[in-house]
Amino acid sequence: MPQPLRIAVTPGDGIGPEVVAEAINCLERLRKKHQLPLEWTRFPWPSHAWHEQHGEVMPADALEQLAHYDAILLGALGDPGPADDPERYLLSDSVSLAPLLDMRKGFDQWVCERPARLLPGARQYLADDRARDIDMLVIRENSEGEYVGQGGRLRQGTEHEVATQMEVFTRRGTERIIRYGFEQARLRAETRRAEGRQREFRSHHGQVAESQVCIITKRNALRYWGDMYTEVFEDVARDYPDVATHHELIDAACMKFVQAPWAFDVVVASNLQGDILTDLAAVLSGGMGVAPSCNLNPDNPDMPSMFEPTHGSAPDIAGQGLADPTAMLFTAARMLEWLGRREPLLARAGQELFDAVAADLAENGNQRRDTRAIGDSVLARLG
């Protein structure tokens, strides 16, 4: 058997431990069934509980510890609630969510990739029947831009306070995220062609293609990085004449995501704007409860990528066994698929898990079930 690939499991806060437990059950079933070269270690941090005990969300050497793993499976971070408990241990979002940014930056997870496809059984929020054809991939630049964390507060707490928040965009970071978008567009077109479900996209220049990349900016107001994004996009597009191109301003893109989301294929956006669009795309594809998310470093296989569902810690239902683990299970499937680049057996297991979760959603998506019931249903499908 090849050397096992290692997963760092970080359940986090709120419903995180509950949905992660169901994912681990499925991974264990698949490992035994297929003799997968896979092992995992559970960490009690980052979390509110760890901060309450140690005065920090995670140890100072957390990244050094995690660097020895091939992937990180994260449950959720944030206020663990319950909100009606006046004695609850409450941290600000800037503290409780800081580990996300630390891991993304520390491991150069420069791609945040969130697929948005309306699967059978998922809730359709848009009345238009064409919404059933939603199938897009939103790619968010994950390492720089609006979330670099540079800035500060001067004369804090006084009437003369000044807060600055810097945005930093590099041509290298811009080029690699845009090129990644074009590569994914080609791969998606190949997959659709093999499945007999081709799509057609037309660019402003009249070009018709089987795939499309739409770049998002706010270049009319944020001209410097917006113009650089546009220029790099045009340069990179010359290497992909088979892919249609499109540009939208962020406000118009939000509107068109609701008006005609079926018109998009691959969408590439900056850190903040991609953050907004990925959440909107998640709702259009059935809601946060079914939406996976990946933080990837495609360049360096020695750096762990991180996998987390799109939803938060849901403190209002935490500890009650009511959380839907579907998004977490889809996320675990994406993690196996990613690890399958190094061990094909894991990719096949990831597809098996995805198919099992999708089948459960198709059959039972209109029913209200508790966490364990959903997990057990998926386990039964795994055999």
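Here, residue 1 is the first one in the sequence, and each next residue gets the next number.
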task: Dump the intermediate steps for side chain to side chain contact (heavy atoms under 4.5 Å, CB included) on Trp50 and Val57, then the final yes or no.
output: CA-CA 6 Å; Trp50 185 268; Val57 181; 5.9 Å; no
task: Test side chain to side chain contact (heavy atoms under 4.5 Å, CB included) on His48 and Ser96 and set out the steps.
output: CA-CA 7 Å; His48 271 63; Ser96 62; 3.6 Å; yes
- request: Would you sort out whether Arg117 and Asp133 count as a salt bridge (Lys or Arg N to Asp or Glu O under 4.0 Å), showing the intermediate values?
  value: CA-CA 8 Å; Arg117 183 177 179 185; Asp133 296 327; over 6 Å; no
- request: Begin with the C-alpha distance, continue with both residues' side-chain angles, and end with the deciding distance and a verdict on salt bridge (Lys or Arg N to Asp or Glu O under 4.0 Å) for Glu175 and Arg179.
  value: CA-CA 6 Å; Glu175 195 274 340; Arg179 188 170 295 280; 2.5 Å; yes
task: Take Glu161 and Arg153, measure what salt bridge (Lys or Arg N to Asp or Glu O under 4.0 Å) needs, and give me the verdict at the end.
output: CA-CA 7 Å; Glu161 180 174 354; Arg153 296 172 67 181; 2.4 Å; yes
message: Between Trp110 and Lys105, is the side chain to side chain contact (heavy atoms under 4.5 Å, CB included) condition met? List the steps.
response: CA-CA 8 Å; Trp110 51 274; Lys105 293 176 184 177; over 6 Å; no
task: Report the C-alpha separation of Leu336 and Phe354 in whole Å, then their side-chain angles, then the decisive distance to 0.1 Å, and conclude whether the side chain to side chain contact (heavy atoms under 4.5 Å, CB included) test is met.
output: CA-CA 10 Å; Leu336 291 175; Phe354 177 89; over 6 Å; no
task: Could you walk me through whether Glu352 and Lys33 pass salt bridge (Lys or Arg N to Asp or Glu O under 4.0 Å), step by step?
output: CA-CA 11 Å; Glu352 183 177 348; Lys33 180 179 178 180; 2.6 Å; yes
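When atom types are taken as modelled, the side chain of Thr164 and the backbone of Gly151 share no donor-acceptor pair closer than 3.5 angstrom. Counting only distance, with no hydrogens or angles, the side chain of Glu343 and the backbone of Ala347 share no donor-acceptor pair below 3.5 Å. Not a single donor-acceptor pair under 3.5 Å links the side chain of Arg219 to the backbone N or O of Thr230. For Asp70 (side chain) and Arg6 (main-chain N/O), a donor-acceptor pair under 3.5 Å exists by modelled atom type. A donor-acceptor pair under 3.5 Å is absent between the side-chain atoms of Gln212 and the main chain of Ala209, judged by distance alone. Looking at Glu337, its side chain never comes within 3.5 Å of a backbone N or O of Ala333 through a donor-acceptor pair. Judged by distance alone, with hydrogens and angles left aside, the side-chain atoms of Arg31 form a donor-acceptor pair with the main-chain N or O of Leu38 at under 3.5 Å. With hydrogens and angles ignored, the 3.5 Å screen pairs no side-chain donor or acceptor of Glu167 with any backbone N or O of Phe169. Proximity of a side-chain donor or acceptor of Glu18 to a complementary backbone N or O of Gly321 within less than 3.5 Å is detected. Formation of a donor-acceptor pair under 3.5 Å by the Glu146 side chain with backbone atoms of Leu272 is found in this model.
The CZ atom of Arg114 sits 11.5 Å away from atom CG of Leu137, with the distance rounded to the nearest 0.5 Å. Atom CE of residue Met328 and atom CG of residue Leu73 lie 3.5 Å apart, to the nearest 0.5 angstrom. With values rounded to the nearest 0.5 angstrom, Asp265 atom CG is found 10.5 Å from Cys214 atom SG. Atom-to-atom distance recorded for Gln273:CD and Thr217:OG1 is 7.0 Å, nearest 0.5 angstrom. Atoms CG and CZ, on Asp275 and Arg140 in that order, are 4.0 Å from each other to the nearest 0.5 Å. Taking CG of Asp316 as the reference point, atom CG of Asp79 lies at 10.0 Å (rounded to 0.5 Å).
The minimum heavy-atom distance between Val19 and Pro325, with the atom names listed, is CG1-CA, 3.8 Å. In terms of heavy atoms, Ile216 sits closest to Tyr229 at O-CD2, 4.2 Å. Across Asp102 and Leu63, no two heavy atoms sit closer than the pair O-CD1, 3.7 Å. In this structure, Ser293 and Thr310 approach most closely via the heavy-atom pair CB-OG1, 3.9 Å. Here the closest heavy-atom approach between residue Pro261 and residue Met136 is recorded as O-CE, 3.5 Å. Summarising the geometry of Ala8 relative to Leu66, their closest heavy-atom pair is CB-CD2, 3.6 Å, with the distance given to 0.1 Å.
Side-chain contact between Val258 and Leu280: present, with at least one pair of heavy atoms (C-beta onward) separated by less than 4.5 Å. When side chains are defined from C-beta on, Cys26 counts as touching Leu329, because their heavy atoms get closer than 4.5 Å. Using a 4.5 Å heavy-atom cutoff, the side chains of Leu382 and Leu353 are in contact. Side-chain contact between Ser47 and Leu77 is absent, with no heavy-atom pair separated by less than 4.5 Å. Within the 4.5 Å cutoff, side-chain heavy atoms of Pro37 are placed close to those of Leu345. Inter-residue side-chain proximity for Glu308 and Leu100 is flagged as met; some heavy-atom pair is nearer than 4.5 Å. When side chains are defined from C-beta on, Val111 counts as touching Ile139, because their heavy atoms get closer than 4.5 Å. Using a 4.5 Å heavy-atom threshold, the side chains of Leu379 and Ser377 count as separate.
Taking the six-membered ring where tryptophan is involved, the planes of Phe43 and Trp45 are tilted, since the angle between them lies from 30° to 60°. Under the 30°/60° scheme for interplanar angles, the aromatic rings of Tyr240 and Phe182 are found to lie parallel.
At most 12 heavy atoms of other shown residues, nucleotides or ligands fall within 6.0 angstrom of atom CZ in Arg223. Residue Arg123 places its CZ atom among 12 or fewer non-hydrogen atoms of other residues, nucleotides or ligands, all under 6.0 Å distant. When the shell of 6.0 Å around CZ of Arg197 is examined, it contains more than 12 heavy atoms from other residues, nucleotides or ligands.
Taking a cutoff of 4.0 Å between a charged side-chain nitrogen and a carboxylate oxygen, Asp324 and Arg368 do not qualify as a salt bridge.
By the rule that hydrophobic residues join a cluster once side-chain heavy atoms approach within less than 4.5 Å of another member, Phe307 and Leu30 end up as members of one cluster. Both Leu97 and Met58 sit in one connected hydrophobic cluster of ILVMFWY residues. Membership requires side-chain heavy atoms under 4.5 Å apart, directly or through other members. Under a hydrophobic-cluster definition in which Ile, Leu, Val, Met, Phe, Trp and Tyr are linked whenever side-chain heavy atoms come within less than 4.5 Å, directly or via other members, Ile177 and Val236 are assigned to the same cluster. With hydrophobic clusters built from ILVMFWY side chains whose heavy atoms lie under 4.5 angstrom apart, Met306 does not share a cluster with Met335. Following chains of ILVMFWY side-chain contacts shorter than 4.5 Å, one cannot reach Val290 starting from Ile134, and the two form parts of different hydrophobic clusters.
Remark: the Gln156 side chain and the Thr158 side chain contain no N/O donor-acceptor pair separated by less than 3.5 Å. No hydrogens or angles considered: a donor-acceptor pair under 3.5 Å links the side chains of Asn364 and Gln367. Using a 3.5 Å distance cut-off with no hydrogens or angles, the side chains of Thr170 and Glu144 do pair a donor with an acceptor.
In the hydrophobic clustering (ILVMFWY side chains linked at under 4.5 Å, chained through shared members), Tyr224 stands by itself.
Results of the side chain to side chain contact (heavy atoms under 4.5 Å, CB included) test with Arg369 over Asp376, Leu322, Ile374 single out Ile374 as the only residue that passes.
Ring centers of His246 and Phe201: at least 6.0 Å apart, outside the cut-off.
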